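Shown next, in structure tokens, is the structure this report addresses.
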2 protein chains.
Amino acid sequence: MDSNMAFDALADPVRREILGVLAAEDECSAGAIAERITSVGRTAVSTHLRVLRVAGLVSERRDGRFRYYSIDSSGSARDVLSLLHQVFRAGLQSVDGALPHEVGSERLA
Amino acid sequence: MDSNMAFDALADPVRREILGVLAAEDECSAGAIAERITSVGRTAVSTHLRVLRVAGLVSERRDGRFRYYSIDSSGSARDVLSLLHQVFRAGLQSVDGALPHEVGSERLA
DNA sequence: CAATCATGTCAGCGGTGGATGACACGTCAG
DNA sequence: CTGACGTGTCATCCACCGCTGACATGATTG
């Protein structure tokens, strides 16, 4: 359903870079993330984090004046992987079943 | 490397719809695909097919005046799934290993 | 309360990507 | 060879997206 937003969010290289940082650090404040992303400024990183959050790919935890972000693997990431497995299953020797039931039960586009 | 193009290609809803058609039909001529995609015209579908082909997500077979397209699951789709598994592995009870070796050996962004 | 810090938001600008119609190219039938 | 057919390509227009600097907001410190 809203996997549309997830695919869109994943299309940006900077956003994938942010996901990479979060995958390595587990939890990170917005500022700490911005420090490791050198290609764009802090403002852009903030906006990207918003997109990722709305898309359901990362989750936000507010603590004082900090905001900590982390990977959300139970959000729309499931839908994305489900869709991809459904389309490319042929050449991927039966990875179906790796995701908890109802893989292959959703509409495609 | 060129998973950039693959992610970009996957970001468009029409292109995902095309992939859905191909996943269901196994092989389809350009015209047959265009007939099933009602949201845009034939020209747009042709361009989308080009993007998908360059991205390494579909393969083309020319036969006479027809061009048959089919899902390419051994192309950059592997890189995409590899990257996603690497990032979202936490909440996905160890699906790592479902892809043939060297999963998790590439850079992230 | 005033100052500072972490972060999000807004307006504006420039670039990019998608849709379309007209045209070009190869292929098959007569 | 000529005409019909299947497809790809090009020029154009339009809309959306990302980047930035300036400003706003909420929280902590003294």
Side-chain angles (χ1 to χ4, degrees), chain A residues 2-22 25-72 76 109, chain B residues 2-22 25 27-70 72 76 109:
Chain A
D2 68 337
S3 61
N4 271 25
M5 286 191 296
F7 275 109
D8 214 65
L10 288 169
D12 191 288
V14 177
R15 285 196 284 261
R16 289 200 301 278
E17 200 179 343
I18 292 177
L19 288 177
V21 170
L22 288 176
E25 304 285 340
D26 244 48
E27 199 180 51
C28 233
S29 70
I33 297 172
E35 273 177 11
R36 312 184 191 219
I37 308 290
T38 58
S39 50
V40 297
R42 186 193 61 82
T43 305
V45 171
S46 178
T47 305
H48 282 311
L49 283 170
R50 177 181 227 282
V51 174
L52 287 170
R53 195 178 60 77
V54 171
L57 294 175
V58 308
S59 50
E60 178 190 286
R61 180 176 69 89
R62 310 171 73 136
D63 181 27
R65 47 185 163 176
F66 293 86
R67 294 194 181 184
Y68 294 102
Y69 291 89
S70 56
I71 298 288
D72 180 7
S76 44
Chain B
D2 70 339
S3 62
N4 269 26
M5 286 191 297
F7 274 109
D8 215 65
L10 288 169
D12 191 287
V14 177
R15 284 195 285 260
R16 289 200 301 278
E17 200 180 343
I18 292 176
L19 288 177
V21 170
L22 288 177
E25 305 287 338
E27 198 180 50
C28 234
S29 71
I33 297 173
E35 272 177 13
R36 312 184 191 220
I37 307 291
T38 58
S39 50
V40 297
R42 185 194 61 84
T43 306
V45 171
S46 177
T47 306
H48 283 310
L49 283 170
R50 176 181 226 282
V51 174
L52 287 169
R53 196 178 60 79
V54 171
L57 294 175
V58 307
S59 50
E60 178 190 287
R61 180 176 69 88
R62 312 172 73 136
D63 181 28
R65 48 183 162 176
F66 293 86
R67 294 195 181 184
Y68 294 101
Y69 292 90
S70 56
D72 179 7
S76 45

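For clarity, every value in this text was computed on a predicted model and none was experimentally measured.
In this structure, R53(A) reaches neither bases nor backbone, as no heavy-atom distance under 4.0 Å exists between it and the strands shown. Residue contacts for R15(A): at a heavy-atom cut-off of 4.0 Å it reaches the sugar-phosphate backbone alone, with no base atom in range.
Residue D8(B) contributes atom CG, which lies 14 Å from atom C1' of dC16(D) at whole-angstrom precision. In this structure, D63(A) places its CG atom 17 Å from P of dG26(D), rounding to the nearest Å. Rounding to whole angstrom units, CZ of residue R67(B) and C1' of dC5(D) are separated by 14 Å. Protein atom OH of Y68(B) is 10 Å distant from nucleotide atom C1' of dG6(D), rounded to whole Å. Distance F66(A) CZ to dT28(D) C1': 10 Å, rounded to the nearest Å. The distance from atom CG of D12(A) to atom P of dC17(D) is 12 Å, rounded to the nearest whole Å.
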Validation: residues 42-49 of chain B side-chain donor-acceptor distances under 3.5 Å, sequence neighbours left out:
from, atom 1, to, atom 2, distance (Å)
T47(B), OG1, T43(B), O, 3.2
H48(B), ND1, R15(B), NH1, 3.2

Throw together a table of side-chain donor-acceptor distances under 3.5 angstrom for residues 56-64 of chain B, partners on residues two or more places apart or in other chains.
from, atom 1, to, atom 2, distance (Å)
S59(B), OG, S70(B), OG, 3.3
E60(B), OE1, Y69(B), OH, 3.1
R61(B), NE, E27(B), OE2, 3.0
R61(B), NH2, E27(B), OE1, 3.1

Item to complete: Apply salt bridge (Lys or Arg N to Asp or Glu O under 4.0 Å) to E17(B) and R36(B), showing your working.
Response: CA-CA 9 Å; E17(B) 200 180 343; R36(B) 312 184 191 220; over 6 Å; no
Worksheet item: Given R53(A) and D72(A), is the side-chain contact (heavy atoms from CB on, under 4.5 Å) satisfied, shown in steps?
Response: CA-CA 9 Å; R53(A) 195 178 60 77; D72(A) 180 7; over 6 Å; no
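Shown here for V14(B) and S39(B), the closest heavy-atom pair between the two residues is CG2-OG, 4.2 Å. Residues A9(B) and A55(B) share a closest heavy-atom pair of CB-CB, 3.8 Å.
Taking for each of R62(A) and V51(A) the nucleotide of DNA chain D with the nearest heavy atom, the 5'-most of the two is the partner of V51(A).
Counting 5' to 3', DNA chain C first comes under 4.0 angstrom of a heavy atom of chain B and last does so at the ends given by dG18(C) to dC28(C).
Remark: side-chain polar atoms of S29(A) are not paired, donor with acceptor, to backbone N or O of R67(A) under 3.5 angstrom.
Residues from residues 31-39 of chain B lying near DNA chain D, meaning a heavy-atom separation below 4.0 Å, are G31(B) in numerical order. Residues of residues 40-48 of chain B that place a heavy atom closer than 4.0 Å to DNA chain D, in numerical order, are R42(B), T43(B), S46(B).
Among the nucleotides dT7(D), dA4(D), dA27(D), the one closest to any side-chain atom of R65(B) is dA4(D).
Looking only at side-chain heavy atoms (C-beta outward), D12(B) and V51(B) stay at 4.5 Å or farther from each other. For the pair L10(A) and L10(B), the minimum side-chain heavy-atom distance is 4.5 Å or more. When side chains are defined from C-beta on, I37(B) counts as touching I33(B), because their heavy atoms get closer than 4.5 Å.
An OP1 or OP2 oxygen of dG6(D) is reached within less than 4.0 angstrom by no side-chain nitrogen or oxygen of Y69(B).
Remark: T38(A) engages no residue in a side chain to side chain contact (heavy atoms under 4.5 Å, CB included) (not counting sequence neighbours).
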